[in-house]
Q: 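This structure is in structure tokens; I'll ask about it shortly.
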Amino acid sequence: MQLASRLTRFNEPETLKMAKLARELREKGNDVVGLSLGEPDFDTPAHIKKAIIDAVNNNFSHYPPVAGYPELRKAICHKLKRDNNLNYLPEHTVVSTGAKQSIANIILATVEAGDEVIIPTPYWVSYSEVVRMAEATPVMVRTSLESGFKISPEQLEAAITDKTRLFMFSSPNNPTGSVYSKTELEGLAEVFRRHTGIWIMSDEIYEYINYVGQHESIAQFDDLKDRVIIVNGLSKGFAMTGYRLGYIACSDVALVKACEKIQGQITSGANAATQQGAVAALNESIEPSMEMQVEFKERKQLVLQMLSEIPGLKLSEPDGAFYVFPDVSSYFGKKVGDKLIANADDLAMYLLETAHVSTVTGGAFGEPNCIRISYAASRSDLQKGFGRIKEALANLK
Ligand code: PLP
């Protein structure tokens, strides 16, 4: 039997692949430190869990409206006003089964086969793969550690062609932790003003995990607002990865309706009880999220300290999210026994197989010189994991 050729166009997420390999090693009795997954190790705040339990008890067991319950769409607008000073109406929003589905909806709604989508590297693993699934062409623009892994207006300008339909980026960024300032966003906005007809997908899922202060959204520029599609979700900021809830906001109603139409044929919308939890999350105090942020910030300092003790790594200090993304290229070409470490893929596999620490190769994010290490893990796991990484790297000759 034959499978569709579309499957050859994209890869499975490397993040999930590494987590699977780590699980398999663990099942064989090995003590594996998991630093590959992007998920908070905290529990979901109690008031959100209570809202979900109440929803279950109140029989939220029926199909929800495809674009989300009206009270949740209203809560999204409330959140966007409260946190970002942005004005949206409920009909500008669509609730989905995780930001991942929101992103897939956006791509399917905006690009045709052969269109180009500009993605600054490093980027989150799924951007390029879903673009390929949609038969469009991802146009990667490589940023450097020296520029803090941020795209410049000149680089953006140079990448635009008459086939460009969509620009996709995240701030705070996964995997680098870089955060665009208002001035930097204004620089990009200036380029977009010269090129109408390009949608801008602004993935803000790490908004609450920002160590440099005020989160800035590119949607704040009024003359671009109709073209900006904000993506956000509850996974990271509210420790709710398993509940699967994401959303978009865009003041172009046709785009919103397109996403709703696609979703209506694929999932019929997000879990009903989770949506009630999301109403509580977005309407009520975000103090628990801020407490998580404080803990992540302290862990970041711990991790930076431990990284500084490992020779041969280069790092751009992350301003947000919960990852470090060191350049490990000084280890390429080294060996342990007769095993050669030729690239970041080999290094990530070596760390997993030999040191029993799971990380993710930078290749998965479009940056072949780096690996991503998540610090969404307990301090004791971080100490154990970084200790083992240091020793394993020292064994490479
Ligand atoms: N966007 C970015 C940048 C992410 O890192 C992730 C998850 O890792 C997502 C979107 C998807 O999140 P969700 O769990 O809401 O699907």
Side-chain angles (χ1 to χ4, degrees), residues 12-19 34-42 44 48 68 72 76 79 93-107 117 119-131 149-150 166-180 200-210 215 217-218 229-249 259 263 266-267 269-271 274-275 277-278 281-282 289 296 318-325 359-360 362 364-367 372-377:
E12 80 172 289
E14 198 75 30
T15 41
L16 301 187
K17 196 168 115 190
M18 282 307 271
L35 304 181
S36 58
L37 259 191
E39 86 173 325
D41 56 319
F42 299 105
T44 303
I48 304 176
L72 177 52
I76 292 168
K79 178 258 168 249
T93 65
V94 179
V95 177
S96 298
T97 308
K100 195 176 249 184
Q101 191 193 0
S102 303
I103 293 167
N105 288 344
I106 291 166
I107 293 169
V117 179
I119 306 176
T121 67
Y123 52 84
W124 182 51
V125 286
S126 288
Y127 293 175
S128 56
E129 303 315 287
V130 183
V131 166
F149 290 119
K150 292 185 233 182
L166 176 64
F167 173 74
M168 305 173 74
F169 80 124
S170 65
S171 176
N173 178 275
N174 174 7
T176 64
S178 57
V179 172
Y180 285 80
I200 303 156
M201 191 205 83
S202 175
D203 182 345
E204 304 181 14
I205 197 159
Y206 290 94
E207 169 180 8
Y208 292 149
I209 309 163
N210 174 335
H215 171 74
S217 172
I218 195 165
I229 313 162
I230 294 180
V231 172
N232 210 327
L234 272 57
S235 286
K236 317 290 175 177
F238 296 96
M240 289 178 68
T241 48
Y243 286 101
R244 312 303 306 123
L245 197 122
Y247 61 86
I248 64 158
C259 290
Q263 180 159 297
I266 297 183
T267 61
N271 177 289
T274 297
Q275 290 198 41
L282 299 181
S289 304
F296 280 133
D319 287 332
F322 38 62
Y323 310 102
V324 280
F325 197 62
T359 59
V360 186
F365 309 95
E367 178 41 76
R372 188 190 79 174
I373 311 172
S374 165
Y375 52 89

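Indexing begins at 1, ligand by ligand and atom by atom, following the structure's order.
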Q: Establish, yes or no, whether a centroid distance under 6.0 Å links the rings of Phe169 and Tyr180.
A: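 Yes - the distance between ring centres of Phe169 and Tyr180 falls below the 6.0 Å cut-off.
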Q: I'd like the residue list for ligand 1, meaning every protein residue with a non-hydrogen atom under 4.0 Å from the ligand.
A: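 If the criterion is a heavy atom under 4.0 Å, then ligand 1 touches Gly98, Ala99, Lys100, Ile103, Trp124, Asn174, Asp203, Ile205, Tyr206, Ser235, Lys236, Arg244.
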Q: Is the backbone of Ala270 close enough, under 3.5 Å, to the side chain of Gln275 for a donor and an acceptor to pair up by distance?
A: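 Here the side-chain-to-backbone pair exists.
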Q: Is the shortest heavy-atom distance from the side chain of Asn173 to the side chain of Tyr323 under 4.5 Å?
A: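 Heavy-atom side-chain distance check fails, nothing below 4.5 Å.
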Q: Considering only heavy atoms from C-beta outward, does the side chain of Tyr247 approach that of Leu282 to under 4.5 Å?
A: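 Side-chain contact under 4.5 Å: yes.
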Q: Could you check whether the rings of Phe322 and Phe296 sit parallel, tilted or perpendicular, using 30° and 60° as the cut-offs?
A: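 Tilted.
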Q: Taking the inter-plane angle between the rings of Tyr127 and Tyr123 on a 0 to 90° scale, is it parallel (under 30°), tilted (30 to 60°) or perpendicular (over 60°)?
A: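 The arrangement is parallel - the two ring planes meet at less than 30°.
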